[in-house]
Undergrad: 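Structure provided below as structure tokens; questions to follow.
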Protein chains: 2
Amino acid sequence: MPQQNSTIPGLAVALRISVMRLARRLRAQRSDTSLSLTQLAALAALDRRGQMTPTELAQHEKVQPPSMTRVIAALEERGLVRRTPHPTDRRQQLVELTTDGRRLLAADRRRREAWLSLRLRELTPQERETLRQASLILDRLSQS
Amino acid sequence: MPQQNSTIPGLAVALRISVMRLARRLRAQRSDTSLSLTQLAALAALDRRGQMTPTELAQHEKVQPPSMTRVIAALEERGLVRRTPHPTDRRQQLVELTTDGRRLLAADRRRREAWLSLRLRELTPQERETLRQASLILDRLSQS
DNA sequence: CTGGGTCATTACTTTTGCTAACGATATCAG
DNA sequence: CTGATATCGTTAGCAAAAGTAATGACCCAG
């Protein structure tokens with residue numbers, strides 16, 4: 001350890017390395033459903049936040065609207081999302097998950113979580129409790 | 001919250017989301033030295049593990065050798081890495097960081113940690129202690 | 001000393017994102 | 001009410017980055 005863990009910069013170093021490494025491991029566990037990462041992310045966003053317009057989805061995923069057009073087209077072609085007209089504005093559309101989309105997303109999530117659940121089972125209950133609390137703190141860190 | 005946080009799968013869901021989100025935030029903090037993420041990752045790998053051959057580096061970063069050839073060429077052009085002949089096998093090369101490469105990497109790391117340190121300062125000492133312990137547990141999770 | 005395997009590279013293709021421009025629709029000033 | 005302006009999604013064209021196939025130099029077992 002180059003820096004002491006008891007200082008704030010020391011904690012920042014350690015936490016950054018730990019979080020980035022675990023994130024890499026988790027990412028590597030993703031099932032290759034031949035969906036690109038962006039496609040998967042769009043699907044997940046629709047699942048979490050419900051139906052959205054293409055532009056909203058693009059902003060949420062930090063992608064330009066034309067790129068999202070292609071993502072949506074690909075997802076629609078595979079029957080994972082559905083477009084419906086906007087109730088009051090005929091320029092806009094609403095994109096939402098289909099049952100198939102929800103199913104694929106659940107399967108993918110299950111596979112990624114399987115690896116992590118297995119690892120978590122090897123910990124002591126106290127260690128899991130620490131992670132539970134840490135998870136809440138990490139969320140607050142990300143939001144600020 | 002779709003799942004309870006008190007079960008192991010529930011913890012797996014929560015932890016995965018927390019870790020991935022914080023990792024995205026940390027990644028976004030990277031200084032835009034106009035190096036691609038892959039280039040930066042290769043540089044970091046050389047820093048962590050010392051000199052490597054292009055093929056080793058490609059395997060480590062999960063890209064194909066031709067892609068790594070290009071990454072190395074770009075880094076070499078900027079004077080961040082240096083190639084040296086392999087001592088016993090003339091087919092191979094060894095790639096290592098230059099002083100400039102090490103310096104750029106350190107600057108980038110500092111910038112990312114500055115953001116994190118700032119956030120950590122807003123926490124209570126108890127919360128920081130929780131994160132300290134969690135960091136060690138996360139490391140063990142990644143290694144297994 | 002030779003034939004098969006390995007390493008890095010080159011050439012080409014695919015994927016994925018961007019900007020610019022456009023048609024359809026909405027909204028606002030007057 | 002109407003002409004100007006803005007917004008939404010899309011198309012077209014381009015650039016970056018990664019992948020596959022093929023190649024030349026080199027190593028090594030027999």
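Just the heavy atoms: all of them, side chains too, but no hydrogens, waters or symmetry mates, feed the values below. These numbers come from a predicted model, not from an experiment.
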Undergrad: Do the side-chain N or O atoms of A:Gln92 get closer than 4.0 angstrom to the phosphate oxygens (OP1, OP2) of C:dA26?
TA: no
Undergrad: Does a side-chain N or O of B:Gln64 approach OP1 or OP2 of D:dA21 to a distance below 4.0 Å, or not?
TA: no
Undergrad: For DNA chain D, find the residues of residues 69-87 of chain B with a heavy-atom distance under 4.0 Å and give them by number; none if there aren't any.
TA: B:Arg70
Undergrad: Does anything in residues 49-62 of chain A reach DNA chain C, meaning a heavy atom under 4.0 Å, and if so which residues?
TA: none
Undergrad: Check the phosphate of C:dC18 against A:Ser67, side-chain N and O only, distance under 4.0 Å to OP1 or OP2. Yes or no?
TA: yes
Undergrad: Taking only residues two or more places apart in sequence or in another chain, which ones pass side-chain hydrogen bond (donor to acceptor under 3.5 Å, both in side chains) with A:Gln51?
TA: A:Glu96
Undergrad: Rounding to an integer number of Å, can you tell me how far A:Met68 CE sits from D:dT11 C1'?
TA: 17 Å
Undergrad: Please identify each residue that fulfils side-chain contact (heavy atoms from CB on, under 4.5 Å) with B:Thr99, with sequence neighbours left out.
TA: B:Arg103
Undergrad: Run the side-chain hydrogen bond (donor to acceptor under 3.5 Å, both in side chains) test against B:Arg111 and tell me which residues pass, sequence neighbours left out.
TA: none
Undergrad: Tell me every residue that passes side-chain contact (heavy atoms from CB on, under 4.5 Å) with A:Thr88, counting only those two or more places apart in sequence or in another chain.
TA: A:His86
Undergrad: Per the salt bridge (charged side-chain N to carboxylate O under 4.0 Å, His left out) rule, what does the pair list look like for residues 48-62 of chain A, sequence neighbours excluded?
TA: none
Undergrad: For B:Ile8, does its backbone N or O pair with a side-chain atom of A:Arg128 as donor and acceptor, under 3.5 Å?
TA: no
Undergrad: Quick one: side-chain hydrogen bond (donor to acceptor under 3.5 Å, both in side chains) pairs with a partner in residues 70-79 of chain B, sequence neighbours left out?
TA: B:Ser34-B:Arg78, B:Glu76-B:Arg83
Undergrad: Without swapping roles, check the side chain of A:Thr98 against the backbone of A:Gly79 for a donor-acceptor pair under 3.5 Å.
TA: yes
Undergrad: Residues in side-chain hydrogen bond (donor to acceptor under 3.5 Å, both in side chains) with B:Gln64, at least two apart?
TA: none
Undergrad: Round to a whole Å and report the spacing from CG of B:Leu37 to P of C:dT16.
TA: 17 Å
Undergrad: Establish, with yes or no, whether the OP1 or OP2 oxygen of C:dG17 is under 4.0 angstrom from a side-chain nitrogen or oxygen of A:Thr38.
TA: yes
Undergrad: I'd like to compare against my own output: the B/S/- annotation of nucleotides 22-30 of chain D with a strict under-4.0 Å heavy-atom distance to protein.
TA: ---BBS---
Undergrad: Going by side-chain heavy atoms closer than 4.5 Å, which hydrophobic residues are tied to B:Leu104, directly or by a chain of links?
TA: B:Leu35, B:Leu40, B:Leu43, B:Leu46, B:Met52, B:Leu57, B:Val63, B:Met68, B:Val71, B:Ile72, B:Leu75, B:Leu80, B:Val81, B:Val95, B:Leu97, B:Leu105
Undergrad: If a pair satisfies side-chain hydrogen bond (donor to acceptor under 3.5 Å, both in side chains) and one of its residues is in residues 13-26 of chain A, list it, with sequence neighbours excluded.
TA: A:Arg16-B:Glu113, A:Ser18-B:Ser135, A:Ser18-B:Asp139, A:Arg21-B:Asp139
